[in-house]
K.L.:
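Shown below is the structure under consideration.
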Amino acid sequence: MTPQLGISSQKVYVTNRHNLLSPFLDKPSFSKKSFMWMVGRGHIGDFGFFLEGIYRTKPNHKYVISKEATKVEVPNNSFLFEPLKIGDVVQEINSISEYFAEIINGITATKSFSISGGKDSRAILGMLDHFGITSDISLSTHGEAFAPDVMAATDLVKCMGLERQHIVNNNSPKVNTSLLFSKKIAQDITLDFIGSSLSDFKALQLNSNILIGGHENGFKKRANKKSLEQYIASRRWWINNLDILGADAFELIQSEYTSELQELLSFVPVNRYSQVDLVNFRTTTFVASNLTNFHISQNQIHPFLDGRFYRLLCGVPDTLLDSQFIHYLLMRNSSYPIEAIPF
């Protein structure tokens, strides 16, 4: 994604939306479709915004903006799907791990890592331990004291002797009486003209702490075996996972999602439909703030969101993808048997 920068007297603002100001040259109008997405998914999933005319830049697209128009170029990414040999996969995983270890080792700021005890955070922790850089990282887990994730994380840090660095933030049970859509939308539109869309951040500021994260790009999805028609049919209810949309709203965004998905997957190998779908319609919308912080603000590090891991995801043999080999190897690289701790 290509960010755009704007500088004020005190802060640098970043946005990953093109045609940003065009709606304000005329009378801005509210996008009902974006609201439908928010209701159905909990986040906008079609690269739109609450005001018509503002759109998120799409991954793997190049935007050339001039006074006359915005030109969009779609590069050829077929090389991503070129098959990788098992030996090359192992070598590449170790090379990427070494690359991130060198970066993290060179950071003098305090470091923190949110650990759930699941496969993603466990794999990243294994990578860090392999290079001996866990001793100065504070670990935190959020959840109820006896929740499965919290118990798994507690067992994990105990196995590695990191209990003194680990904090569990117990969340009190709360009844969510409202999703407060109106409040969030109003804040988005009136307070954040770069278009945060409930998932981007508002401004880049100096941060004395580096957050290391475990967001993943579809590594736990198995290789797809459905035809294009069957796969698209299986995704029919994705846009309404809260089961709250009315029939008209559902059909409107479902038809557009189906059309975009069909176009996106037309040049993708059948066995990678799930991964490419996830990266384009969820990772780059739902965790957009982490992506932008990862690449621009430099106060977050998410190894799994790196393009080289995406290349692995697209090129590894199906057997390695289905067995979650990338996660397993990173865990096994630890000096502790963290892969054996119950999830």
K.L.:
Ring centroid separation for His327 and Phe304, is it under 6.0 angstrom?
P.N.:
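Ring centroids of His327 and Phe304 are less than 6.0 Å from each other.
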K.L.:
If we ignore angles and hydrogens, is there a donor and acceptor under 3.5 Å between the side chains of Tyr231 and Asp277?
P.N.:
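Distance-only check passes for Tyr231 and Asp277.
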K.L.:
Only pairs under 3.5 Å count here: list side-chain donor-acceptor contacts from residues 103-118, not counting sequence neighbours, and write none if there are none.
P.N.:
residue	atom	partner	partner atom	Å
Thr110	OG1	Ser208	O	3.3
Thr110	OG1	Asn209	OD1	3.1
Lys111	NZ	Ile107	O	3.0
Lys111	NZ	Asp136	OD2	3.2
Ser112	OG	Asn209	ND2	2.9
Ser116	OG	Gly118	N	3.1
Ser116	OG	Ser121	OG	3.4

K.L.:
Decide, yes or no, whether a salt bridge links Asp306 with Arg311 under the criterion of side-chain N to carboxylate O below 4.0 Å.
P.N.:
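Looking at Arg311 together with Asp306, the answer is no, because their closest N to O distance does not fall below 4.0 Å.
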K.L.:
Taking Asp129 for its side chain and Ser335 for its backbone only, find out whether a donor-acceptor pair lies under 3.5 Å.
P.N.:
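Checked: pair present.
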K.L.:
Under a 4.5 Å cut-off applied to non-hydrogen side-chain atoms, are Leu320 and Ile326 in contact?
P.N.:
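Sidechains of Ile326 and Leu320: no contact.
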K.L.:
Check this for me: does any side-chain nitrogen of one of Glu92 and Arg308 sit under 4.0 Å from a carboxylate oxygen of the other?
P.N.:
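Judged by the 4.0 Å cut-off on N to carboxylate O distance, Glu92 and Arg308 do not form a salt bridge.
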K.L.:
Take atom CD in Gln91; do more than 12 heavy atoms of anything else shown fall under 6.0 Å from it?
P.N.:
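Open: at most 12 neighbouring heavy atoms sit under 6.0 Å from CD of Gln91.
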K.L.:
Name the orientation class of the two ring planes belonging to Phe30 and Phe35 (parallel below 30°, tilted from 30 to 60°, perpendicular beyond 60°).
P.N.:
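The arrangement is tilted - the two ring planes meet at 30° to 60°.
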K.L.:
Between Trp237 and Phe250, is the gap from one ring center to the other below 6.0 Å?
P.N.:
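Yes; Phe250 has its ring centre under 6.0 Å from that of Trp237.
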K.L.:
Do Ser259 and Glu263 get their side chains close enough for a donor-acceptor pair, meaning under 3.5 Å?
P.N.:
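Looking only at side-chain atoms, Glu263 and Ser259 do not form any donor-acceptor pair under 3.5 Å.
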K.L.:
Does the side chain of Leu312 come within less than 4.5 Å of Ile96's, by heavy atoms?
P.N.:
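Answer yes - side chains close enough.
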K.L.:
Decide yes or no for Tyr328 and Ser323: does some side-chain heavy atom of the first lie under 4.5 Å from some side-chain heavy atom of the second?
P.N.:
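Not touching, per the 4.5 Å side-chain cut-off.
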K.L.:
Is the shortest side-chain N to carboxylate O distance from Arg236 to Glu251 below 4.0 Å?
P.N.:
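Between Glu251 and Arg236 there is a salt bridge, with a charged N closer than 4.0 Å to a carboxylate O.
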K.L.:
Indicate yes or no for a side-chain donor-acceptor contact from Asn240 to the backbone of Leu245 under 3.5 Å, with no hydrogens or angles considered.
P.N.:
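Yes, the answer is positive, given that a donor and an acceptor are paired below the 3.5 Å cut-off.
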K.L.:
For Phe343, does the six-membered ring have the charged nitrogen or CZ of Arg122 within the cation-pi criterion, i.e. under 6.0 angstrom from the centroid and within 45° of the normal?
P.N.:
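Yes, Arg122 lies over the aromatic ring of Phe343.
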